[in-house]
Amino acid sequence: MKRIAKIAMSMLALGCITMSAAEPMKIKLWSNGAPTKNGLEGTEERWEGAKVYEVSEPELWVYQAEKPNGMAVIACPGGGYKYLSTDNEGTMFIDWMNERGITFAILKYRLPNGHSEVPLEDARRAMEIMRTQGKEYGVNPNEIGIMGSSAGGHLAATLATMYGLPMYRPDFQILLYPVITMTDKTHKGSRSNLLGENPTAGEIEKYSLENRVDAQTPPAFIILASDDNAVKPINSLRYAEKLQENKVPYSLHIYPSGGHGFGFRDTYQYKPQWSAELDRWLKSLQK
């Protein structure tokens with residue numbers, strides 16, 4: 001019995017160490033209030049499992065690598081701009097990234113609630129924080145990428161193509177089954193939550209990110225399944241086409257099955273393949 005108790009205590013101790021190591025540094029994006037309001041101020045955010053709704057207080061959750069290699073990735077979870085799916089498109093990546101020396105951060109960005117500029121404001125601010133404070137985590141300010149899944153992929157690609165000032169430009173982008181276009185090929189829920197029920201032609205054109213790609217767009221890694229019925233593969237294909245036209249390096253991986261939202265789940269049969277490809281691609285970017 002004593003031996004069992006000792007084993008149990010050892011396991012508990014190991015569990016505590018693991019939990020403590022996985023605790024992030026939580027940084028509020030806007031200490032004096034965000035530039036643009038999303039209309040959800042004062043509304044308490046609501047969690048359903050690992051999904052968070054009504055976000056009006058954005059944060060950057062930073063998970064520092066034990067042996068940092070200088071690289072950092074800021075992840076934008078998906079959820080159709082209605083909620084944030086923080087597990088399979090966020091926390092599940094922590095160990096994989098940290099084991100490779102990559103400081104990983106999850107952006108709990110504000111939901112637009114029809115205020116299209118709000119998520120981009122948060123993404124720009126997150127990049128600024130990581131650039132200016134990243135040395136504390138062993139981060140090279142010239143090796144910071146943006147990652148996003150589904151609608152979070154739209155936000156990541158928005159930052160990559162509409163960054164504005166050079167300080168906000170990511171050094172690379174990782175897109176998982178991203179929403180790209182706001183045309184009739186879009187994910188309708190993402191469009192209505194971002195632009196409202198009746199967006200103008202100008203708004204549709206602006207946030208159809210295939211139209212925003214130019215020669216300064218950062219290199220891209222894109223992964224999706226060809227049987228994705230939620231966000232049609234044409235979204236990624238149009239984006240890749242524009243990257244090609246502008247001579248921006250990209251790595252495009254389309255698997256025959258998997259649908260939408262597989263994230264970093266072990267149950268996805270092609271996870272070993274695509275994660276190995278991502279590992280090689282990230283190593284190829286290191287200066």
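Note that the coordinates shown come from a computational prediction; the quantities given were computed from them, not determined experimentally. Along the sequence shown, residues are numbered consecutively beginning with 1.
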Undergrad: For the CD1 atom of I144 and the CG atom of N142, what is their distance to the nearest 0.5 Å?
TA: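 If we round to the nearest 0.5 Å, I144:CD1 and N142:CG are 8.0 Å apart.
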Undergrad: May I ask you to say whether E59 pairs ionically with K108, meaning some side-chain N is under 4.0 Å from a carboxylate O?
TA: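 Salt bridge present between E59 and K108.
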Undergrad: Hey, what do you get for CZ (F93) to OG (S275), rounding to the nearest 0.5 Å?
TA: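 Rounded to the nearest 0.5 Å, the CZ-OG separation comes out at 9.0 Å.
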Undergrad: For G42 versus S56, what's the shortest heavy-atom pair and its separation?
TA: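 Taking G42 first and S56 second, the nearest heavy atoms are N-OG, 4.4 Å.
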Undergrad: Closest approach of L159 and A123, non-hydrogen atoms and distance?
TA: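 For L159 and A123, the tightest heavy-atom pair comes out as CD2-O, 3.9 Å.
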Undergrad: Centres of the Y163 and Y168 rings: under 6.0 Å?
TA: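 Ring-ring flag for Y163/Y168: false, centres at least 6.0 Å apart.
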Undergrad: Between CG of L176 and CG of D228, what distance do you get to the nearest 0.5 Å?
TA: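 Result: 11.0 Å between the selected atoms.
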Undergrad: Using the ring centroid of each side chain, check whether W47 and Y83 are separated by less than 6.0 Å.
TA: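 No.
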Undergrad: Would you check, one step at a time, whether the test salt bridge (charged side-chain N to carboxylate O under 4.0 Å, His left out) holds for R212 with E205?
TA: CA-CA 9 Å; R212 307 273 75 83; E205 194 278 337; 3.4 Å; yes
Undergrad: Between R131 and D171, is there a side-chain N and carboxylate O pair less than 4.0 Å apart?
TA: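 Salt bridge flag = yes for D171 with R131.
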Undergrad: Ion pair present between R124 and E121, side-chain N to carboxylate O less than 4.0 angstrom?
TA: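 Between E121 and R124 there is no salt bridge, as every charged N stays at least 4.0 Å from the carboxylate O atoms.
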Undergrad: Between P77 and Y109, which heavy-atom pair has the shortest distance, and what is it?
TA: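 Heavy atoms of P77 and Y109 come nearest at O-OH, 2.6 Å.
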Undergrad: Kindly assign one of parallel, tilted or perpendicular to the pair W281 and F221, based on the angle between their ring planes and the thresholds 30° and 60°.
TA: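 Taking F221 first and then W281, their aromatic rings sit tilted (interplane angle of 30° to 60°).
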Undergrad: Is there side-chain contact between I222 and P178, with heavy atoms separated by less than 4.5 Å?
TA: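 In short, these two side chains touch, coming nearer than 4.5 Å.
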Undergrad: When rounded to the nearest 0.5 angstrom, what is the spacing between CG in L120 and CG in L194?
TA: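 Rounded to the nearest 0.5 Å, the CG-CG separation comes out at 10.0 Å.
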Undergrad: Partners of N113 by side chain to side chain donor-acceptor pair (under 3.5 Å), sequence neighbours excluded?
TA: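 N113: no side chain to side chain donor-acceptor pair (under 3.5 Å) contacts found.
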Undergrad: Restricting to pairs with a member in residues 247-276, which pass salt bridge (Lys or Arg N to Asp or Glu O under 4.0 Å), not counting sequence neighbours?
TA: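 As it turns out, the salt bridge (Lys or Arg N to Asp or Glu O under 4.0 Å) pairs with a partner in residues 247-276, which skip direct neighbours, are D266-K271.
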Undergrad: Between Y177 and F262, does the ring centre distance come in under 6.0 Å?
TA: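 Centroid distance Y177-F262: below 6.0 Å, so yes.
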Undergrad: Between K206 and E203, is there a side-chain N and carboxylate O pair less than 4.0 Å apart?
TA: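 Judged by the 4.0 Å cut-off on N to carboxylate O distance, K206 and E203 do not form a salt bridge.
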Undergrad: Rounded to the nearest 0.5 Å, how far does CG of L195 lie from OG of S116?
TA: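 Result: 6.0 Å between the selected atoms.
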Undergrad: Looking at every non-hydrogen atom in both residues, tell me the closest pair between L252 and A240 and how far apart they are.
TA: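 Smallest interatomic distance, heavy atoms only, reads CD2-CB, 4.1 Å.
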Undergrad: Under 3.5 Å, is there a donor-acceptor pair linking the side chains of N193 and S190?
TA: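 No donor-acceptor contact under 3.5 Å links the two side chains.
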Undergrad: Between E277 and R280, does any side-chain N to carboxylate O distance fall below 4.0 Å?
TA: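 Salt bridge flag = yes for R280 with E277.
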Undergrad: Are T183 and R238 linked by a side-chain donor-acceptor pair shorter than 3.5 Å?
TA: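 Side chains of T183 and R238: pair found under 3.5 Å.
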Undergrad: Could you check whether Q273 and Y255, counting side-chain N and O atoms only, form a donor-acceptor pair closer than 3.5 Å?
TA: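 Their side chains do not contain a donor-acceptor pair, so the 3.5 Å distance test is not met.
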Undergrad: Run the numbers on M167 and M127 for side-chain contact (heavy atoms from CB on, under 4.5 Å), then give the verdict.
TA: CA-CA 8 Å; M167 76 168 74; M127 185 60 65; over 6 Å; no
Undergrad: Linking directly or through intermediates, with side-chain heavy atoms under 4.5 Å: list the remaining ILVMFWY members grouped with V118, chain and number order.
TA: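 Hydrophobic cluster check, V118: no partners found.
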Undergrad: When the aromatic ring centroids of H253 and Y270 are compared, is their separation below 6.0 Å?
TA: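 Ring centroids of H253 and Y270 are no less than 6.0 Å from each other.
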Undergrad: Could you go through the side chain to side chain donor-acceptor pair (under 3.5 Å) check for H187 and S150 one step at a time?
TA: CA-CA 9 Å; H187 176 254; S150 192; 5.7 Å; no
Undergrad: Would you please say whether a donor-acceptor pair under 3.5 Å links the side chains of Q64 and T103?
TA: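 No.
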Undergrad: Would you check if L209 and M162 make a side-chain contact, meaning some heavy-atom pair closer than 4.5 Å?
TA: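 Yes, side chains in contact.
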Undergrad: Using salt bridge (charged side-chain N to carboxylate O under 4.0 Å, His left out), reason through R110 and E57 one step at a time and then give a plain yes or no.
TA: CA-CA 7 Å; R110 286 174 298 153; E57 293 291 336; over 6 Å; no
Undergrad: Less than 4.0 angstrom from a charged side-chain N to a carboxylate O is my criterion; do D279 and K283 meet it?
TA: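 Salt bridge between D279 and K283, a charged N being under 4.0 Å from a carboxylate O: yes.
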Undergrad: Run the numbers on E44 and R46 for salt bridge (charged side-chain N to carboxylate O under 4.0 Å, His left out), then give the verdict.
TA: CA-CA 6 Å; E44 186 175 353; R46 175 169 53 92; over 6 Å; no
Undergrad: Nearest 0.5 Å, what's the OG1-CH2 distance between T86 and W61?
TA: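 One gets 5.5 Å once the value is rounded to the nearest 0.5 Å.
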